[in-house]
Amino acid sequence: MQLKYRRLCSLLAAALLCAPALHAKPFKWSSQGDVATWDIHALNNAMQNGIHGTVYESLVSYNSKTFAIEPLLATSWKEISPTQMRFALRQEVRFHDGSALTADDVVFSLQRAMAKTSNFTPYTQGISRVAKVDERTVDVFLTTPNPVLLRQMTELRIMSRAWAEKNKSTEPEDMKSGEEIFAHRNAMGTGPYTLESWQPDAKMVFKRYPGWWGKMDGNVTEIVYLPIKSAPTRMAALLSGEVDMVLDPAPQDLDRLRASPDLKVIDGLEYRTIFLGLDQLRDELPGSNIKGKNPLKDLRVRKALYQAIDAEAITRNIMRGLGKPAATIVAPMVAGHTEAVGKRLPYSVEAAKKLLAEAGYPDGFEVDFACPNNRYINDEAVCQAVTAMWSRVGVKARLRTLPLATYFPMIQRYEASIYMLGWGVPTFDALYSLQSLVRTVGTGGDGNYNLGRYSNQRMDYLVDRIKGETDAPVRSRMLTEALQLSNDTVSHIPLHDQVIPWAMKKNVDLIHRADNKLDMRTVKVN
């Protein structure tokens with residue numbers, strides 16, 4: 001028996017489950033929303049993607065401290081030609097069922113991410129095909145040279161081909177249809193933790209995978225995630241010790257949390273911008289009192305709605321410092337952003353009223369307005385404030401709020417006239433936002449979150465040029481021009497860039513990330 005134990009410890013040394021297990025701890029954490037699905041290619045949502053990363057891994061990842069690209073399931077990569085990248089796979093990797101990771105799994109997963117029902121096509125932008133070279137080598141072929149390919153691949157996680165085929169999950173779940181597949185509630189990856197159970201909107205449990213190939217800097221053996229929509233209830237759970245950490249503490253509670261001798265708060269600017277999208281396609285807005293035309297198609301109306309919003313008041317009174325007024329669709333740390341691009345239109349009720357009158361709506365109009373109520377910091381309260389501000393210029397917005405699990409499928413079905421969206425930039429490059437948000441809806445990720453169906457010929461030209469431009473100064477100028485064009489045409493109404501605080505017990509050590517993702521490999525409970 002002792003011999004078997006020593007042999008087991010030798011086999012599992014890489015997972016740090018022998019001697020260090022004496023100091024390992026469970027870790028409970030919470031935020032306001034749950035994942036909508038466990039299908040890793042079905043819905044592109046940053047909070048969900050971060051949780052998926054606990055179980056599933058990609059070929060490359062960001063270093064949590066520096067955000068430099070580093071190896072994960074791939075040990076190395078090299079450019080065979082400007083349109084061909086070769087990845088060498090890590091040999092000791094096994095899925096949670098014990099099967100070995102092979103090139104077939106990687107080819108299958110990247111092709112799955114390119115499928116029609118996938119919501120991850122912005123990350124496969126520029127990929128024409130994926131090919132197996134041998135059992136441990138994969139080639140990614142591009143339509144044009146792509147300077148941000150590796151950054152895109154940080155969000156393309158790998159699934160077992162055999163597991164997907166066995167469980168009839170070879171195509172990503174179609175979130176718009178509402179029909180579940182096996183991969184919706186079940187997960188089987190190569191990551192440091194296994195998904196043990198998931199009770200939607202209640203509880204998720206993960207256990208440390210003893211066969212994980214990597215080095216664990218943290219000491220957490222069990223993770224319990226509790227989605228708690230109510231901010232007071234989340235705070236009560238933290239203060240009572242029921243949870244060790246809250247990802248999204250309420251702004252009004254921060255002073256109390258910072259003053260507690262048992263807690264600490266760490267914060268930083270997130271790479272996420274909160275904005276409003278507008279239906280610019282329909283000839284008539286459903287439920288509006290304006291018949292036969294769509295007011296949101298008129299640039300003067302969009303500018304009026306923008307200038308009627310006091311973003312400073314929102315960040316001061318509702319966000320309580322956890323937001324910085326934004327003027328464009330990307331945060332300042334994203335390539336393409338400049339000081340000029342970051343200059344907001346002035347808040348002016350008078351200017352807004354004048355623009356509405358010029359557009360033919362001196363008395364305003366009625367419009368549908370949809371918002372999530374458990375996704376972004378004080379999202380519902382922000383939308384309520386915007387509704388009140390618009391009422392001052394005669395625009396009567398009928399606000400409806402929904403939990404994220406139903407909100408995102410709804411807006412992806414184009415069922416909202418005006419909608420709130422928060423957009424992070426995992427590549428830290430504005431192309432990711434421009435292609436998804438303002439490129440005319442097309443294929444291969446073009447306009448996949450352009451839910452207002454904005455369309456501009458010059459914008460399409462710039463985005464398509466940027467995709468393959470390798471001259472860095474030229475590419476930078478085009479990114480900035482495209483962002484300025486988005487501003488000038490009011491493709492969206494920017495609100496603020498989020499500042500993200502994390503609150504936790506004093507005995508918890510972790511790394512705060514600008515993408516608001518919790519890297520469980522680094523978490524220590526002392």
Side-chain angles (χ1 to χ4, degrees), residues 27-35 45-48 50-51 201-204 224-275 310-326 331 371-389 399 401-405 407 420-422 424 495-506 508 510 512-518:
F27 178 71
K28 289 186 177 182
W29 68 288
S30 177
S31 70
Q32 61 183 322
D34 198 4
V35 303
N45 173 287
M47 188 276 287
Q48 178 171 281
I51 292 179
D201 296 318
K203 185 178 182 180
M204 205 179 297
V224 177
Y225 174 68
L226 302 171
I228 303 174
K229 180 181 174 181
S230 164
T233 307
R234 284 200 307 282
M235 292 305 98
L238 180 63
L239 291 166
S240 69
E242 180 186 350
V243 299
D244 300 297
M245 182 247 187
V246 169
L247 193 73
D248 47 3
Q252 61 269 23
D253 292 323
L254 287 176
D255 289 343
R256 178 169 56 133
L257 296 175
R258 293 185 201 276
S260 170
D262 302 318
L263 302 173
K264 61 183 176 182
V265 178
I266 56 176
D267 48 24
L269 188 65
E270 194 187 13
Y271 68 169
R272 180 178 311 283
T273 301
I274 308 297
F275 50 78
D310 187 348
E312 291 282 356
I314 289 174
T315 57
R316 182 177 62 251
N317 300 326
I318 298 176
M319 300 301 291
R320 302 197 184 204
L322 297 184
K324 179 182 177 183
C371 284
N373 57 24
N374 65 339
R375 176 62 187 100
Y376 312 115
I377 298 175
N378 282 354
D379 43 16
E380 185 171 11
V382 169
C383 290
Q384 288 170 344
V386 169
T387 301
M389 291 171 183
L399 178 63
T401 64
L402 299 88
L404 68 88
Y407 178 76
M420 172 183 274
L421 190 62
L495 296 177
H496 52 265
D497 301 317
Q498 284 192 159
V499 174
I500 293 294
W502 292 357
M504 66 208 74
K505 294 179 181 176
K506 277 278 176 63
V508 174
L510 45 74
H512 186 282
R513 291 172 50 123
D515 58 5
N516 203 31
K517 292 181 181 177
L518 189 57

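The chain is numbered in sequence order, starting from 1.
A side-chain hydrogen bond (donor to acceptor under 3.5 Å, both in side chains) check over residues 255-267, counting only residues at least two apart or in different chains, returns the pairs Asp253-Arg256, Arg258-Asp267, Lys264-Asp509. Within the structure, ring-ring contact (aromatic ring centres under 6.0 Å, His included) contacts touching residues 229-268 (residues at least two apart or in different chains) do not occur.
When only modelled atom types and interatomic distance are considered, Trp502 and Asn516 share a side-chain donor-acceptor pair under 3.5 Å.
Every residue meeting the side-chain contact (heavy atoms from CB on, under 4.5 Å) condition with Ala313, not counting sequence neighbours, appears here in chain and number order: Asp310, Arg316, Asn317, Met389. By the salt bridge (charged side-chain N to carboxylate O under 4.0 Å, His left out) test, Lys517 is found to be paired with Glu155, residues two or more places apart in sequence or in another chain being considered. Scored by the salt bridge (charged side-chain N to carboxylate O under 4.0 Å, His left out) test, Lys505 finds Asp244 as partners (sequence neighbours excluded). Looking at residues two or more places apart in sequence or on another chain, you find a side-chain hydrogen bond (donor to acceptor under 3.5 Å, both in side chains) between Arg513 and Ser64, Asp515. Every residue meeting the side-chain contact (heavy atoms from CB on, under 4.5 Å) condition with Leu322, not counting sequence neighbours, appears here in chain and number order: Pro251, Leu254, Met319, Ile377, Val499, Pro501. Tyr271 is linked by a ring pair (Phe, Tyr, Trp, His ring centres under 6.0 Å) to Phe428, counting only residues two or more places apart in sequence or in another chain. Partners of Ala503 according to the side-chain contact (heavy atoms from CB on, under 4.5 Å) rule, which considers only residues two or more places apart in sequence or in another chain, are Leu238, Pro249, Leu257, Val265. Partners of Trp29 under the side-chain hydrogen bond (donor to acceptor under 3.5 Å, both in side chains) rule, at least two apart in sequence or in another chain, do not exist in this structure. When the side-chain contact (heavy atoms from CB on, under 4.5 Å) test is applied to Glu380, the partners found at least two apart in sequence or on another chain are Asn373, Gln384, Thr401.
The two residues Arg234 and Ser30 make their nearest non-hydrogen contact at CD-OG, 3.7 Å. What you find for Gln252 and Asn378 is that their closest heavy atoms are OE1-ND2, 4.3 Å. Between Cys371 and Leu399, the closest heavy-atom pair is SG-CD1, 4.0 Å. Considering all non-hydrogen atoms of both residues, Met204 and Val35 come closest at CE-CG2, 3.8 Å. Across every non-hydrogen atom of Glu270 and Ala331, the tightest pair is O-CB, 4.1 Å. The shortest heavy-atom contact between Ala326 and Asp497 is CB-OD1, 3.7 Å.
Under a 3.5 Å cut-off, the side chain of Thr315 and the backbone N or O of Lys324 do not form any donor-acceptor pair.
With rounding to the nearest 0.5 Å, the separation of SG in Cys383 from CE in Met420 is 3.5 Å. A distance of 7.5 Å separates CD1 of Ile500 from CZ of Arg272, quoted to the nearest 0.5 Å. Atom-to-atom distance recorded for Leu263:CG and Met245:CE is 12.0 Å, nearest 0.5 angstrom. With rounding to the nearest 0.5 angstrom, the CD1 atom of Ile274 is 8.0 Å from the CG atom of Leu495. Distance check, rounded to the nearest 0.5 Å: CG of Asp34 to CG of Asn374 gives 9.0 Å.
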Review item, side-chain donor-acceptor pairs of residues 224-232, under 3.5 Å, at least two apart:
residue, atom, partner, partner atom, Å
Tyr225, OH, Ser31, OG, 2.5
Tyr225, OH, Gly33, O, 2.4
Ser230, OG, Thr233, N, 3.3
Ser230, OG, Thr233, OG1, 3.0

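Other residues, nucleotides and ligands place no more than 12 heavy atoms under 6.0 Å from the NZ atom of Lys203.
Using a 4.5 Å heavy-atom threshold, the side chains of Leu404 and Gln48 count as separate. Within the 4.5 Å cutoff, side-chain heavy atoms of Tyr376 are placed close to those of Gln498.
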Next item on the list: Determine, stepwise, if the pair Met504 / Val243 fulfils side-chain contact (heavy atoms from CB on, under 4.5 Å).
Entry: CA-CA 8 Å; Met504 66 208 74; Val243 299; over 6 Å; no
